[in-house]
Structures are given as structure tokens and as C-alpha cells.
Amino acid sequence: MASLSSLFTTLPTTTSSRPPSFSKSSRTSPRFKVSCNASSPDDQKNPNLTLLENVDRRNMLLGLGAGLYGAANLTNIGSALAYPITAPDDVSYCVPARVVKKNDPNPPDTSIRGVACCPPASATAPKPYLLPKFSKLRIRPAAHGVDPDSDYLAKYKAAIAAMKALPDDHPHSWKQQGKVHCAYCNGAYNQEMNGRPDLTLQVHGSSLFFPFHRWYLYFYERILGKLINDPTFALPYWNWDNPTGMMLPAMFEQPGTNGDPRKNPLFDPYRNVGHLPPAIIDLQYAAKERGFNCVDQISTNLSSMYGQMVTSATNTDAFFGTDPNPEIDSKAGTIESGCHTAVHIWVGNPRMPNSEDLGNFYSAGYDPVFYAHHSNVDRMWKIWKDLNPRRNKDPTSYDWLNASYVFYDENEELVRVYNKDCVDTRKMGYDYQRSSIPWVKSRPVPRARNSTVAARSFGGVKKAAEKFEVPVKVDKTVKVLVMRPATKRSDEEKAAATEVLFLNGIKYNGEEFFKLDVLVNDVDDGVETTAASSEFAGTFAQVPHVHGKKMFMTSGAQFGITELLEDIEAEDDKYVLVTLVPKAGAEGATVDEIKIELVPIDN
Ligand code: C2O
């Protein structure tokens, strides 16, 4: 276990700009200490939320029969036709999204949340967007370092208040901005523009995840700047990857005028009151409290970040997810199905029927925390590229570069934006205030010495296929031996190709929170293996959302394991033992295929 003192290390500088000051005392690098003093649970209760707490509207798990859907045909029939996902020109293509679960005994109040999701119509077709010239970069500050009395925070609150004061049908209004997320993820648009009106458009669970959210925040930020007449305004980011930022940033729960938090424009009543400061976030949150002490929680979080940014994110597809394709189900990237989902679920209110707000896609955009959370997700994209520029590269497929979305810009004009124009934040006019990334020093450590014993002793099974029938049910822990494509790989071979563990065709109930952890050569000794251990290959966790008519969704995951195999000393072995551990919502869930392949690294 790493000691806390070793956690604060600084990464070599990746940006040359000097961040502006976000505090009155003009500190350039705020040093906030995380307090590891546990407080009594009562201290964490927000007195203004008693009403909500008394309404016990717990989520009801729907009983699902297994085998509702047969195994998908996994044959690769990727067409050679270009398929850049294209959002429709005209909002008349938008249909009211279904966001409410079937048979929901307590459906959300649709009048508050505006479930239709469609943006207001525009008289003109979207114009292609040109990145505007700017004289000063907008620097996004780490939220926890912002001084409560700073001008910056006053401006941010004024901007959100102005947005909330606009009439609902204004394209810049709070409601419309929140709806953007719902429209792009709850099936409000179909793929008419791609010649597939039978399919709906979805920006999660694929390589569209990073670019879509980057553009979404980009316009949201410029609209806020416009509302307060400050084109340099930048959103804060929730620095949950650094120990100093592992609590919900104070600004979102600060009392407003008269000491009433509800008067703070950044406040949202639909949050988990058990997770207000000083609770430390769990970046592998499985909708259960783990009862870790603060030091262990922080250190597990850092190892988890290391896993998702370094160990398993060894190729473009693993980090970004794969491109949408009408014939093959796309996969989600390591950050999306890792810390990104964990933060959503950890903040959302479990007492709401759909874990509103952050705990469900349709409602996530109605909590100001959403935008600070996604700022940090966006920052991870930039950091990942800077970590290893030789290997960590943006997707280059035609489909990815030319995928496009439609937004209202700060001048209320409908514009079309492309992935290819959002790969460099500095060209887009913004960057992030620097914060150290101590997780680069948090490489997990093996739990067991020579844990290959686990694989060798597994019932003497020689071939994975003999033990493993597809699709495999993952409602219980499953162990399977998987053959490796090569053993004893040299350094040159490792530099030329990365070894990747694939989970193809993961079918799960998308309307519930689903989390599946993946371990390699785990020893079965009754002790839980966490992300702090090398044996932890990764997690596939998804924010619940209703999308179209299908309750079950299909996706996949992939995790680089070259470094993991070094750490657990399994490089000589022909087989590894893969353990799939369901953590949440796994009823009826299945996996079609588990395999290990070498993925070339092109330089
Ligand atoms: Cu569009 Cu965090 O989700």
C-alpha cells in the first residue's frame, strides 16, 4: 500500500501557459489537504434535504429471465462503407425520447425534467462551425482550489443563475442545455442521415464519448461566458483523480444567500446526501459503501486511475472505445466505463427512482456538477496523449474524424461540429490549470507472489473452450482459462504490439446500473481483489439509461494486459485465468466471447 506522502508527486509540465489565479490571495497552486478524519454520518446529512430523504422511492430491480436475446453473430462483417455518425440537420427529426423505465412504479416528474429532450427548432439549417480566433486561452481551474470568495466563483454562479433565469424554450436555458445530453443518449435522434433510420443515435459506449462531450462543454462554457459578458470564462473541473480533489467540490454545496444552499445556483437537491463532503469518492463505486478508511480509499482510487490511464489504456481503441458501426456492437473505453461511471453513480441520489440526477443519463445534465465532472473526463483525454505521445494517439479513422453533432452556439446559431476539429483543446481556446497526477506513481502491486499458481491449478483445464460455453452468464462470478497468443515476449515485441484482453458482446440491462470487474490470475482466498492489486484488469460499468425499446444493451470492453502480466509474473504462461466478478445489475447479463490478442502499435 502506498503511503500518503508518496502520493504527491508532480508530472513533468505539459502546458506552458501560466494559469491565472482563481483565488483572492493569488495563490498559483492551491494546496488543499484532504482530511482523513472520519466524521459521523450525521454530519454528512444536509438538513435541507429531509423532505427528499423521507420519500423512500427506492429503485426496484426488475426480475429478468435469462436468455431473452440469443447470442449475437460475432462474425466481423464490418462494411467498407463510410459510416461517420451524423446528427440530423433538422430538429424535426427529433422524437420524444423514452427516458422512463417500463413499469416504473414511481415515474419521474416529467414536467420538471422535460423528458422530451428535443431542442427548439431553428429557422436555418446548421452551419459548419469554424473555430473562432481568440486572444486569451480560457483556463479551466480545479474546482476544489477555487476560493469561496473569489471573483471567479461569483462569476460562475452569476452565469448559471442567468442561464436558469432564461425562458425554458430559449436554446441557452438551463433546461435546454440539460436536454442536450438526453437527446444524444436516450434515442431522441435516429440515424436517418446515415441511411439507417432504424437505428438511434448514441454518444456513449463508443469512441464518440470523448469528442461529443468535449463539444457539449465547449458550447456550454461559451454560452455561460456570453451570459456574463466574459469570453474568458472557463468551467471548473472536478479534480477527482488527485487526493486533494476527491470530495464533491465545496462550491456545489455552499450555502447561498441567507445560508440556504438552495439559493446557491450550483446546488442540486438530487444528490446522494451520504456523499457530501467530507466523504471521499470511490472511483470503483459499485453502489455500495466499502467502508475503506480514507487512506486506503485514496490509494485505491489512485491505482484505479493508473489502471485506466496506463496499464489497460495501451491502445487507441482501449482508451477511446471503438467506432460506432451498424453491424458490430461498439465498445466503451477504459475511462468511460471506469471512473466516469463511478462518479455519476456516486453523486446521483439512490433514493430517486432513476438515481437522478447524475445517476441516470437523461437527468445528468441538470446537475451543475455534471459539467465539472466531464471537464475532468475531458482533461483525462489530454493527459493520456501527453503521457505517451509515441503510443497514445487520437483515432484516425475516417468515420471518427468525420462524425458530427449539432449544437446551438453562444450566438443562438445552429452549428455542425466534427470530431476532427476538437482534438486539440488549445486550438479550441482552452486549457486546464495544472494539477499534479500522483496516480502515475501508483502502479498496482500483485496480491499474491507468483499468482500464476492460480491459473496452473485451475482444474487442470487445458483449453478455455472446454470449460466455457458462450454466451456465458455473468450473474455469478465466472472463471475461465484464456489462451494467450504468445508467451515470453521480448521488449521489442512488446514495443511493436500490446497484449489485449477482449470481452466481446457484453449484454446487460441498460436501464439499471451495471458493473462487471475483470481479474487476471486472481487467487481465491476470500479476500476481495481491488484496483490496488495488479490482478485487477479493469471494470465495465455503465450509467443506466433508457434507450429505445430494448432493455438489454450490447457493448464490450478491452483492457491492455502487457504490464499486468509482467507484474504478476505470468509472462511465460500459455493460459491466464480470467475472473469476471459481477458487482451490480448483473441479472440476465451475459458475455459472448473472451479472448486475448496482440494489437499492433503503429508509430
Ligand atoms: Cu454523457 Cu457522463 O455522460
Side-chain angles (χ1 to χ4, degrees), residues 85 87 97 99 113 115 117 119 143 176-189 200-221 235-241 248 252 268 270-272 281 283-285 287 308 319-321 324 330-349 354-381 403 405-407 417 419 422 510-511 513-515 539-548 553 555:
I85 288 291
V99 302
R113 285 302 181 241
V115 295
C117 295
Q176 294 300 337
Q177 288 299 306
K179 277 183 183 184
V180 170
H181 196 248
C182 175
Y184 277 91
C185 103
N186 288 81
Y189 298 121
T200 49
L201 202 134
Q202 171 59 275
V203 292
H204 300 91
S206 76
S207 61
L208 302 184
F209 174 74
F210 280 110
F212 167 81
H213 291 87
R214 176 167 282 182
W215 278 120
Y216 181 15
L217 264 61
Y218 171 88
F219 289 113
Y220 178 80
E221 180 173 84
L235 285 169
Y237 68 92
W238 178 1
N239 197 184
W240 35 250
D241 61 304
L248 185 76
F252 296 104
D268 181 70
Y270 304 100
R271 291 177 189 149
N272 187 335
I281 196 163
L283 293 179
Q284 289 285 348
Y285 190 59
Q308 288 161 26
F319 182 74
F320 283 88
S330 56
K331 293 187 174 69
T334 54
I335 292 292
E336 181 185 353
S337 53
C339 50
H340 160 256
T341 295
V343 174
H344 271 278
I345 304 299
W346 192 79
V347 177
N349 185 349
N354 300 284
S355 303
E356 287 89 345
D357 278 325
L358 234 59
N360 198 290
F361 279 151
Y362 95 87
S363 52
Y366 299 112
D367 185 341
V369 169
F370 172 86
Y371 305 89
H373 170 36
H374 269 275
S375 260
N376 206 37
V377 169
D378 185 67
R379 181 174 157 262
M380 292 304 127
W381 177 2
Y405 325 98
V406 172
F407 291 95
V417 293
N419 284 356
C422 76
E511 301 187 1
F513 167 50
F514 176 63
K515 185 175 189 332
T539 189
F540 177 82
Q542 299 302 313
V543 178
H545 65 291
V546 174
H547 187 104
M553 299 181 190
S555 185

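None of these values were measured; they are calculated from a predicted model. Numbering of residues begins at 1 and proceeds along the displayed sequence. Just the heavy atoms: all of them, side chains too, but no hydrogens, waters or symmetry mates, feed the values below. All ligand and atom numbering here is 1-based and tracks the order in the structure.
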Counting C-beta onward and ignoring hydrogens, is there a side-chain heavy-atom pair between Val203 and Trp215 closer than 4.5 Å? no
Indicate whether any N or O donor in one side chain lies under 3.5 Å from an N or O acceptor in the other, for Asn239 and Asp241. yes
So, using side chain to side chain contact (heavy atoms under 4.5 Å, CB included) as the criterion, who are the partners of Gln284 when residues are at least two apart? Asp282, Arg290, Ser304, Gln308, Lys515, Asp517, Ala531, Phe536, Thr539
In terms of ring plane angle, is the pair Phe212 and Tyr216 parallel, tilted or perpendicular, where the classes change at 30° and 60°? tilted
Could you tell me whether the side chains of Glu336 and His213 share a donor-acceptor contact shorter than 3.5 Å? no
Partner of His545 by ring-ring contact (aromatic ring centres under 6.0 Å, His included), out of Phe361, Phe514, Tyr184: Phe361
Going by chain and residue number, what protein N/O/S atoms come nearer than 2.8 Å to atom 2 (Cu) of ligand 1? His340 NE2, His344 NE2, His374 NE2
